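Each chain gets a letter, A, B and so on, in the order the sequences are listed, and its residues count up from 1. This is a predicted model, so every value here is computed, not measured.
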There are 2 protein chains.
Amino acid sequence: MNIIISNSSSVPIYEQIKQAIKTAILSGELKEDENLPSVRNLANDLRISFLTVKKAYDELEEEGYIKTIQGKGSFVAPKNIELMKEERRREIEKHVEEIIKIAKIYNINKSEIDDIFNYIASEEDFDIN
Amino acid sequence: MNIIISNSSSVPIYEQIKQAIKTAILSGELKEDENLPSVRNLANDLRISFLTVKKAYDELEEEGYIKTIQGKGSFVAPKNIELMKEERRREIEKHVEEIIKIAKIYNINKSEIDDIFNYIASEEDFDIN
DNA sequence: TTAGCTGTTATGTTTAGTATATAACAGTAT
DNA sequence: ATACTGTTATATACTAAACATAACAGCTAA
């Protein structure tokens, strides 16, 4: 797993770690029951305090993404596929809500939004199927 | 102008004020050269420190939204319509980028995104024209 | 069993950002 | 002058984030 963090970002380090691990899990890069790096190892790799990594792991456990066993380590939790799909959908919905909020205020219509979508899609090599 | 702030929000108060004023300007609710509430007045209305309002006004001036004259007050800056349109477009683009990033990782296709869009649009009474 | 990994907990410190209060000063307008 | 505007300086309080250090506890393989 490749985690890149930026300490100049306004996003807290522990939050960046959470996001990276969530993404790795949800994309399948990290598989069920797979071992996560130990808090101290990851902290050393990222040159940060193990407490920061622990905070990320603690919250990931609270959210059901991983399981931690004292003395053994942290593992990817057996996942509730439906639940995680739901979570992803909610993320997209949030962005769509923001877009629509902006569009309503400034009288931007659907076709303009589609234009932007198509533009970004081509920039990002996203297949419009 | 009606500004509502929440002190329980994780978004700083000065940021909430900035957003509210930006929106009011860009939507046309506040017109060019129109007088903004004085820092002390707005602070009183919102029951916060005038320094917090001043911070918001200072940043709005830096970003070109308003002009402040000592002894007179703050006014909506003559706007560069094209520039502001660009800024709005950039905001939408950011959300679209996030959506596409998520869609790529989890193999969500355009029609699923459209479904979400249509769902939110109907919820939010957004005309799909 | 012990060494060396794991995670856990406690304590204290530092830093940056946000928000505040207060006071004094400066420009504008009537 | 008075009463509005904005400006500046100083000091304080609070919080979140991140850190360092130390000590403790569970697991496992040599």
Side-chain angles (χ1 to χ4, degrees), chain A residues 1 3-22 25 30 32-78, chain B residues 1 3-22 25 30 32-78:
Chain A
M1 189 178 37
I3 296 178
I4 296 169
I5 59 169
S6 156
N7 47 1
S8 67
S9 164
S10 67
V11 180
I13 297 175
Y14 76 88
E15 195 62 49
Q16 296 181 47
I17 296 172
K18 278 179 66 181
Q19 278 312 317
I21 294 179
K22 270 193 196 179
I25 293 175
L30 283 175
E32 215 167 299
D33 290 330
E34 194 170 333
N35 217 317
L36 289 164
S38 76
V39 282
R40 284 191 177 82
N41 270 349
L42 184 52
N44 284 340
D45 287 354
L46 301 177
R47 289 149 190 259
I48 60 177
S49 163
F50 78 87
L51 292 169
T52 306
V53 177
K54 176 152 170 48
K55 179 165 189 180
Y57 280 21
D58 282 349
E59 296 197 0
L60 285 170
E61 177 151 29
E62 251 181 41
E63 295 173 28
Y65 286 89
I66 67 176
K67 281 285 167 200
T68 295
I69 301 165
Q70 186 173 354
K72 296 190 77 175
S74 297
F75 308 85
V76 177
Chain B
M1 190 179 36
I3 295 178
I4 296 169
I5 58 169
S6 156
N7 46 1
S8 66
S9 165
S10 66
V11 180
I13 296 174
Y14 77 88
E15 193 63 48
Q16 296 181 47
I17 295 172
K18 279 180 66 181
Q19 278 312 316
I21 293 178
K22 271 193 194 178
I25 292 174
L30 283 175
E32 214 167 298
D33 291 329
E34 195 169 333
N35 217 318
L36 290 165
S38 77
V39 282
R40 283 190 178 83
N41 270 350
L42 184 52
N44 283 340
D45 287 353
L46 300 178
R47 290 149 191 258
I48 58 176
S49 164
F50 79 88
L51 291 170
T52 305
V53 176
K54 176 153 171 49
K55 179 167 190 180
Y57 280 21
D58 282 349
E59 296 197 1
L60 284 169
E61 177 151 31
E62 251 182 42
E63 295 173 28
Y65 286 88
I66 68 177
K67 282 282 169 203
T68 295
I69 301 165
Q70 186 172 355
K72 296 189 79 175
S74 298
F75 308 86
V76 177

Would B:Ile13 and B:Leu46 count as a side chain to side chain contact (heavy atoms under 4.5 Å, CB included) here? Give the steps. CA-CA 10 Å; B:Ile13 296 174; B:Leu46 300 178; 5.7 Å; no

Heavy atom of residues 13-22 of chain A under 4.0 Å from DNA chain D: which residues? A:Ile13, A:Tyr14

Just so I know, are the side chains of A:Val76 and A:Ile21 near enough to count as touching, which here means a heavy-atom distance under 4.5 Å? no

Pairs meeting criterion side chain to side chain donor-acceptor pair (under 3.5 Å) with involvement of residues 41-57 of chain A, two or more places apart: A:Lys54-A:Asp58

By side-chain contact (heavy atoms from CB on, under 4.5 Å), A:Ala43 pairs with (sequence neighbours left out) A:Ile48, A:Phe50, A:Val53

Can you tell me how far CD1 of B:Ile5 sits from CG of B:Leu42, rounded to the nearest 0.5 angstrom? 8.0 Å

Could you tell me which residues satisfy salt bridge (Lys or Arg N to Asp or Glu O under 4.0 Å) with B:Glu59, sequence neighbours excluded, listed by chain and number? B:Lys18

Do A:Leu60 and A:Ile25 come close enough that some side-chain heavy atom pair is under 4.5 Å? no

Close N or O pairs between protein and nucleotides 28-30 of chain C (under 3.5 Å):
{"unit_1": "C:dA29", "atom_1": "OP1", "unit_2": "B:Lys72", "atom_2": "NZ", "d": "3.4"}

Walk along DNA chain D from 5' to 3' and tell me the first and last nucleotide with an atom closer than 4.0 Å to a non-hydrogen atom of chain A. D:dA17 to D:dT28

Do you know which two heavy atoms are closest between B:Asn35 and B:Ser74, and how far apart they sit? OD1-O, 3.2 Å

Name every residue in residues 47-61 of chain A that has at least one heavy atom under 4.0 Å from any atom of DNA chain D, in order of residue number, or write none if there are no such residues. A:Ile48, A:Ser49, A:Phe50, A:Leu51, A:Thr52, A:Lys55

Interatomic distance, OH@A:Tyr14 vs CD@A:Gln19, rounded to 0.5 Å, equals 11.0 Å

What pairs with B:Ser6 under side chain to side chain donor-acceptor pair (under 3.5 Å), at least two apart in sequence or on another chain? B:Ser8

Testing the basics here: between A:Ala77 and A:Gly64, what is the closest heavy-atom pair and its distance to 0.1 Å? CB-O, 3.5 Å

Ordered by number, residues from residues 33-45 of chain A within less than 4.0 Å of DNA chain C (heavy atoms) are A:Ser38, A:Val39, A:Arg40, A:Asn41

